[in-house]
Amino acid sequence: MTPYDQDNIFAKILRDEIPSIRLYEDAETLVFMDIMPRADGHCLVIPKTPCRNMLDATADQLAACMGTVQRLSHAAMKAFDADGVTLQQFNETAGGQEVFHLHFHILPRHAGVSLRPPGNMADMDVLNEQAEKIRAAL
Ligand code: 5GP
């Protein structure tokens, strides 16, 4: 497996070298808004320690992420009055992964509403307003 790249974009977010809209952090995990959201409230949960994806993660990294995934899923659903939540997690390029630091996508869902297409940059004012709603729900 390709080794972990210390300069991937999420490693830079963890080191605060590039900006992000942070929602939550604890000793082991960080959560921030996805910059190209496919649903209102689309956010990403990452471990603070390095691993490329689920395939090289330790059981402790996975467990820490899943605890935070559950917590943020409840908050994001509450913030957007969602009916459900979709989790996405991709592994290696063939598996759809583009950023090589383990991350879980949390996507609040409403009945009958499809995800938006990928690749559309959010308006930062809107993203900040949505982040505030999730923080308030936490
Ligand atoms: P994946 O690796 O799971 O396919 O997708 C990576 C995700 O990271 C995408 O949903 C993309 O919108 C998001 N992303 C890529 N670059 C940045 C960034 O600089 N900041 C934030 N907040 N999200 C990013």
Side-chain angles (χ1 to χ4, degrees):
M1 194 184 212
T2 311
Y4 180 81
D5 171 13
Q6 296 287 348
D7 285 326
N8 75 77
I9 202 106
F10 293 169
K12 290 181 180 179
I13 284 176
L14 273 167
R15 294 194 297 266
D16 250 336
E17 291 171 6
I18 62 165
S20 64
I21 301 176
R22 294 177 176 228
L23 297 174
Y24 170 85
E25 71 180 299
D26 58 26
E28 293 160 300
T29 62
L30 173 68
V31 188
F32 53 93
M33 299 299 283
D34 194 300
I35 207 165
M36 290 179 267
R38 300 195 59 199
D40 289 349
H42 181 176
C43 59
L44 301 169
V45 176
I46 67 172
K48 286 187 169 176
T49 48
C51 58
R52 269 175 79 80
N53 53 45
M54 177 272 296
L55 298 169
D56 65 333
T58 65
D60 285 347
Q61 285 172 315
L62 294 171
C65 284
M66 287 314 293
T68 300
V69 162
Q70 186 183 44
R71 186 168 184 167
L72 266 289
S73 293
H74 283 300
M77 283 183 67
K78 187 173 167 192
F80 293 95
D81 199 20
D83 305 309
V85 65
T86 297
L87 294 186
Q88 288 183 332
Q89 195 278 311
F90 305 112
N91 301 281
E92 297 301 327
T93 303
Q97 187 176 12
E98 294 180 351
V99 178
F100 295 94
H101 180 110
L102 172 66
H103 54 280
F104 293 84
H105 297 254
I106 294 177
L107 296 143
R109 303 299 299 273
H110 294 88
V113 179
S114 300
L115 291 178
R116 297 194 285 265
N120 294 314
M121 195 67 79
D123 176 309
M124 286 305 131
D125 289 339
V126 172
L127 215 54
N128 272 304
E129 278 170 26
Q130 294 180 345
E132 203 43 58
K133 283 190 186 180
I134 298 174
R135 288 188 203 106
L138 272 167

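Predicted, not measured: the structure shown is a model, and the values here were computed from it.
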As an exercise, state the distance from [atom1] of [X] to [atom2] of [Y], rounded to the nearest 0.5 Å.
X      : Y      : atom1 : atom2 : value
Leu23  : Leu138 : CG    : CG    : 7.0 Å
Asp56  : Cys51  : CG    : SG    : 5.0 Å
Arg109 : Ser114 : CZ    : OG    : 7.0 Å
Glu98  : Asn8   : CD    : CG    : 13.0 Å
Ile134 : Ile21  : CD1   : CD1   : 10.0 Å
Ile106 : Thr68  : CD1   : OG1   : 8.5 Å

Discussion item. As a quick check of understanding, evaluate ring pair (Phe, Tyr, Trp, His ring centres under 6.0 Å) for His103 and His101, giving each step before the final call.
Written reply: CA-CA 6 Å; His103 54 280; His101 180 110; 8.1 Å; no
Worksheet item: Should Lys12 and Asp7 be marked as a side chain to side chain contact (heavy atoms under 4.5 Å, CB included) after you check the CA-CA gap, both sets of side-chain angles, and the distance that decides it?
Response: CA-CA 6 Å; Lys12 290 181 180 179; Asp7 285 326; 4.1 Å; yes
Worksheet entry | His105-Phe90 aromatic ring centre distance below 6.0 Å |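 Yes; Phe90 has its ring centre under 6.0 Å from that of His105.
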Can you tell if the side chain of [X] reaches within under 4.5 Å of the side chain of [Y], non-hydrogen atoms only?
X      : Y      : value
Leu115 : Gln88  : yes
Pro37  : Arg116 : yes
Asp34  : Leu127 : no
Glu25  : Val31  : no
Gln89  : Val45  : no
Leu62  : Leu102 : yes

I need the minimum non-hydrogen distance between [X] and [Y], along with the two atoms involved.
X      : Y     : value
Ala137 : Ala75 : CB-O, 3.4 Å
Arg52  : Gln97 : O-NE2, 2.8 Å
Ser20  : Ile13 : OG-CG2, 3.5 Å
Leu14  : Pro47 : CD1-O, 3.8 Å
Pro108 : Ala82 : CB-CB, 3.9 Å

Worksheet item: Do the side chain of Asp83 and the main chain of Ala111 share a donor and acceptor less than 3.5 angstrom apart?
Response: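 Between the backbone of Ala111 and the side chain of Asp83 there is a qualifying donor-acceptor contact (under 3.5 Å).
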Worksheet item: Has the side chain of Lys48 got a donor or acceptor atom that lies under 3.5 Å from a matching backbone atom of Asp26?
Response: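 Flag set: sc Lys48 to bb Asp26 pair under 3.5 Å.
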Hey, quick one: are [X] and [Y] part of the same hydrophobic cluster, counting side-chain heavy atoms closer than 4.5 Å, chains of contacts allowed?
X     : Y      : answer
Met36 : Leu107 : no
Val99 : Phe104 : no
Leu72 : Val69  : yes
Met1  : Phe100 : no
Leu55 : Tyr4   : no

Worksheet item: For Asp123, what residues pass the side-chain hydrogen bond (donor to acceptor under 3.5 Å, both in side chains) criterion, not counting sequence neighbours?
Response: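 If we apply the side-chain hydrogen bond (donor to acceptor under 3.5 Å, both in side chains) test to Asp123, skipping adjacent residues, there are no hits.
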Worksheet item: Stepwise, does the side chain to side chain contact (heavy atoms under 4.5 Å, CB included) test hold for Leu87 with Gln70?
Response: CA-CA 10 Å; Leu87 294 186; Gln70 186 183 44; over 6 Å; no
Worksheet item: Just wondering, are more than 12 heavy atoms of other shown residues or ligands nearer than 6.0 Å to CZ in Arg38?
Response: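 More than 12 within 6.0 Å, yes.
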Discussion item. Over 60° means perpendicular and under 30° means parallel, so tell me whether Phe10 and Phe32 are parallel, tilted or perpendicular.
Written reply: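 If you compare the ring of Phe10 with that of Phe32, the planes turn out perpendicular.
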Fill in: Chi angles and distances behind the side chain to side chain contact (heavy atoms under 4.5 Å, CB included) call for Ile35, Met124
CA-CA 8 Å; Ile35 207 165; Met124 286 305 131; 3.5 Å; yes
Discussion item. Run Arg22 and Asp16 through salt bridge (Lys or Arg N to Asp or Glu O under 4.0 Å) and show every step you take.
Written reply: CA-CA 11 Å; Arg22 294 177 176 228; Asp16 250 336; 3.6 Å; yes
Discussion item. Run His42 and Gln130 through side chain to side chain contact (heavy atoms under 4.5 Å, CB included) and show every step you take.
Written reply: CA-CA 9 Å; His42 181 176; Gln130 294 180 345; over 6 Å; no
